[in-house]
There are 2 protein chains.
Amino acid sequence: MKMKPDISTLSLAIMGLISQRPQTGYDIRKAFAEKPLGHFSSSPGAIYPALQRMTKDGWICGKVDDEKVLRPRKVYEMTESGRDLLERHLRQSVDRDDVIWRMDDLMLRFSLMDEIVGRAATLRFLRSFATELEAYVAHLRCFLGEAKPSMPVCGRLAMENGIGAYEMNAAWARRALEELETDA
Amino acid sequence: MKMKPDISTLSLAIMGLISQRPQTGYDIRKAFAEKPLGHFSSSPGAIYPALQRMTKDGWICGKVDDEKVLRPRKVYEMTESGRDLLERHLRQSVDRDDVIWRMDDLMLRFSLMDEIVGRAATLRFLRSFATELEAYVAHLRCFLGEAKPSMPVCGRLAMENGIGAYEMNAAWARRALEELETDA
DNA sequence: CGATACATGTAACCGGTTACATGATTTT
DNA sequence: AAAATCATGTAACCGGTTACATGTATCG
């Protein structure tokens, strides 16, 4: 019912940051704590184990930037195989399960993809994103139409809120598409 | 940075269902698998342990509806202290941390509260929900205004998407408020 | 009689949370 | 010298995921 995410949202966010420029665990924690968008845990108990896992898996590697101190300051950067994995992940197309179960991942992918896999991939992404959303909205509207009479007021309102969220995303995708198609 | 949720979203959803009418674990699984809105795991490995925990904590209790069979069919219903806890949870007011970190919980609460704690509480909820959202949107817009020049196009678009989602929710809350104020 | 839906559970695993522990560097 | 900030980590806990195991009732 869920499946797929070879890369967790946290790992993706971390790779997004260190792709821009190599960073320490602490830099990453600060970035997550200060950024208002995309909520990631900035707790050391999340970040450091994640960095260890990703290192073990060969996606990133940490270079001790200073010599023989007891507490080494490690600056992490992407490895080749990490970049590879990241690019493959960013290039994946959008399906219905993604829009239902992995919206956070989708938006995070969008915010990274233009700079890492280029404009063409970004446009492809937005088109499939909008298409899947519009199809799913149609499906939900149909469901709502049938269920409405038997639903309590607030159940119906909650569902309209859910559908509204998907519609907002679809409209945003169309606007973004227009803007990105007509610029440099 | 996160704190608070005395009740997990899954527990809340389960209590919402069995408040309407006593149900078995299997009924709950089916409800989660079929309902298009609010994504809950319908896997037995999530549901049954959750039911056990909630029973242990005294929020619900399961009555074996049939006598000496090897596989008893347990119908769960709310206990008094469970109803108490649920009502207290539903009556909580909305703060900024809720709209940032617990939007799912908020919408689930909304969909249940009218029938469990009444219209007045629902209206109070919607008012504080709208107010917090509008304040947070203002804050984000301000942040975006400052950061915009130094942001990559897609970073800006992603942030606009995030803000748009909050705005959509605020607008929805105002509409819902109007509808609920003027009806029965 | 076999398939399918009904129905309940367990166990290994994984990753995030909270809380704690420690040390280095900079500021007051 | 004390306090704050920079910086890295560990350990216990909790709950969800996946996969497995089992048994019952109904229907063709």
Side-chain angles (χ1 to χ4, degrees), chain A residues 1-14 18 22-34 38-57 59-60 62-76 97 101-102 104-105, chain B residues 1-14 18 22-34 38-57 59-60 62-76 97 101-102 104-105:
Chain A
M1 192 193 202
K2 238 158 192 171
M3 71 207 96
K4 200 152 70 173
D6 37 332
I7 301 181
S8 73
T9 309
L10 180 59
S11 299
L12 181 58
I14 290 175
I18 68 182
Q23 298 187 47
T24 67
Y26 192 74
D27 293 331
I28 293 164
R29 290 186 59 201
K30 265 192 308 179
F32 287 167
E34 287 159 15
H39 345 84
F40 305 100
S41 60
S42 64
S43 71
I47 305 297
Y48 293 106
L51 289 170
Q52 285 163 13
R53 279 194 303 277
M54 294 165 76
T55 302
K56 195 195 72 208
D57 293 336
W59 304 351
I60 62 176
K63 305 214 165 138
V64 175
D65 76 336
D66 202 354
E67 54 290 341
K68 55 270 163 208
V69 267
L70 283 173
R71 281 266 148 157
R73 217 181 79 103
K74 271 188 241 165
V75 181
Y76 287 93
D97 268 17
W101 298 102
R102 287 177 290 274
D104 282 0
D105 183 70
Chain B
M1 197 193 197
K2 238 157 191 171
M3 66 204 103
K4 198 152 72 174
D6 35 333
I7 302 180
S8 73
T9 309
L10 179 60
S11 299
L12 181 58
I14 290 176
I18 69 182
Q23 299 188 47
T24 66
Y26 192 75
D27 293 331
I28 293 165
R29 288 187 60 202
K30 266 192 309 180
F32 288 167
E34 287 160 14
H39 344 84
F40 304 102
S41 60
S42 64
S43 71
I47 304 296
Y48 293 107
L51 289 169
Q52 285 164 12
R53 278 194 304 274
M54 293 164 77
T55 301
K56 196 195 70 208
D57 293 337
W59 303 351
I60 62 177
K63 304 213 165 137
V64 176
D65 77 336
D66 202 353
E67 54 291 340
K68 56 272 162 205
V69 268
L70 282 173
R71 280 267 148 154
R73 218 181 78 101
K74 271 187 242 167
V75 181
Y76 287 93
D97 268 17
W101 297 101
R102 286 178 290 273
D104 281 359
D105 183 72

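Residue numbers start from 1 in every chain, and the chains themselves are labelled A, B, ... in the order their sequence lines are given, proteins ahead of strands. Heavy atoms only: backbone and side chains are in, while hydrogens, waters and symmetry mates are out.
- Taking both residues in full, the closest heavy atoms of Tyr26(A) and Tyr48(A) are given as N-OH, 3.6 Å, listed atom of the first, atom of the second, then distance.
- Side-chain contact between Tyr76(B) and Thr24(B) is absent, with no heavy atoms from C-beta onward closer than 4.5 Å.
- Each of Ala50(A) and Gly45(B) lies near DNA chain C, and the nucleotide nearest Gly45(B) is the one positioned closer to the 5' end.
- Between dT10(C), dT8(D), dG9(C), one nucleotide has an atom nearer to the side chain of Tyr76(B) than all others, and that is dG9(C).
- Heavy atoms of Leu10(B) sit under 4.0 angstrom from primed sugar atoms or phosphate atoms, though from no base atom.
- Lys74(B) comes within contact range of the sugar-phosphate backbone alone, with a heavy-atom separation under 4.0 Å but no base atom that close.
- Phe32(A) has its side chain within reach of Ile47(A): a pair of non-hydrogen atoms, C-beta onward, lies under 4.5 Å apart.
- The distance between atom CZ of Arg102(A) and atom C1' of dG16(D), rounded to the nearest whole Å, is 16 Å.
- Taking 4.0 angstrom as the limit, Thr24(A) places none of its side-chain polar atoms (N or O) nearer than this to OP1 or OP2 of dA7(D).
- The side chain of Tyr26(B) lies closest to dT8(C), out of dG16(C), dG15(D), dT8(C).
- At least one side-chain nitrogen or oxygen of Gln52(A) sits closer than 4.0 Å to the OP1 or OP2 atom of dT10(D).
- Between dT17(C), dG9(D), dA19(D), one nucleotide has an atom nearer to the side chain of Pro44(B) than all others, and that is dA19(D).
- Atom NZ in Lys63(B) sits about 19 Å away from atom P in dA7(C), given to the nearest Å.
- The closest side-chain heavy-atom distance from Ile28(B) to Ile18(B) is below 4.5 Å.
- Separating the CG atom of Leu51(A) from the P atom of dG15(C) is a distance of 14 Å, rounded to the nearest angstrom.
- Ser41(B) approaches Ala46(B) most closely through the heavy-atom pair OG-CB, 3.1 Å.
- In the set dG9(D), dT8(C), dC6(D), the nucleotide with an atom closest to the side chain of Arg73(B) is dT8(C).
- Going from atom NE2 of His39(B) over to atom C1' of dG16(D) covers 16 Å, rounded to whole Å.
- Distance CD1 (Ile47(B)) to C1' (dC6(C)): 16 Å, rounded to an integer number of Å.
- Between the OH atom of Tyr48(A) and the P atom of dT18(C) there is a distance of 17 Å, rounded to whole Å.
- Of the listed nucleotides (dT18(D), dG16(D), dT8(C)), dT8(C) has the atom at the smallest distance from the side chain of Arg29(B).
- Distance from the side chain of Ser41(B) is smallest to dT17(D) among dT17(D), dG16(C), dT10(C).
- Straight-line distance from the CD1 atom of Ile7(B) to the P atom of dC14(D): 17 Å, rounded to whole Å.
- Leu12(B) approaches Ile7(B) most closely through the heavy-atom pair N-CG2, 3.6 Å.
- Residue contacts shown for Gly25(A) are limited to sugar-phosphate atoms, with no base heavy atom under 4.0 Å away.
- Across dG16(D), dA7(C), dA19(D), the shortest atom-to-atom separation from the side chain of Arg53(B) is found for dG16(D).
- Distance Phe40(B) CZ to dG15(D) P: 16 Å, rounded to the nearest Å.
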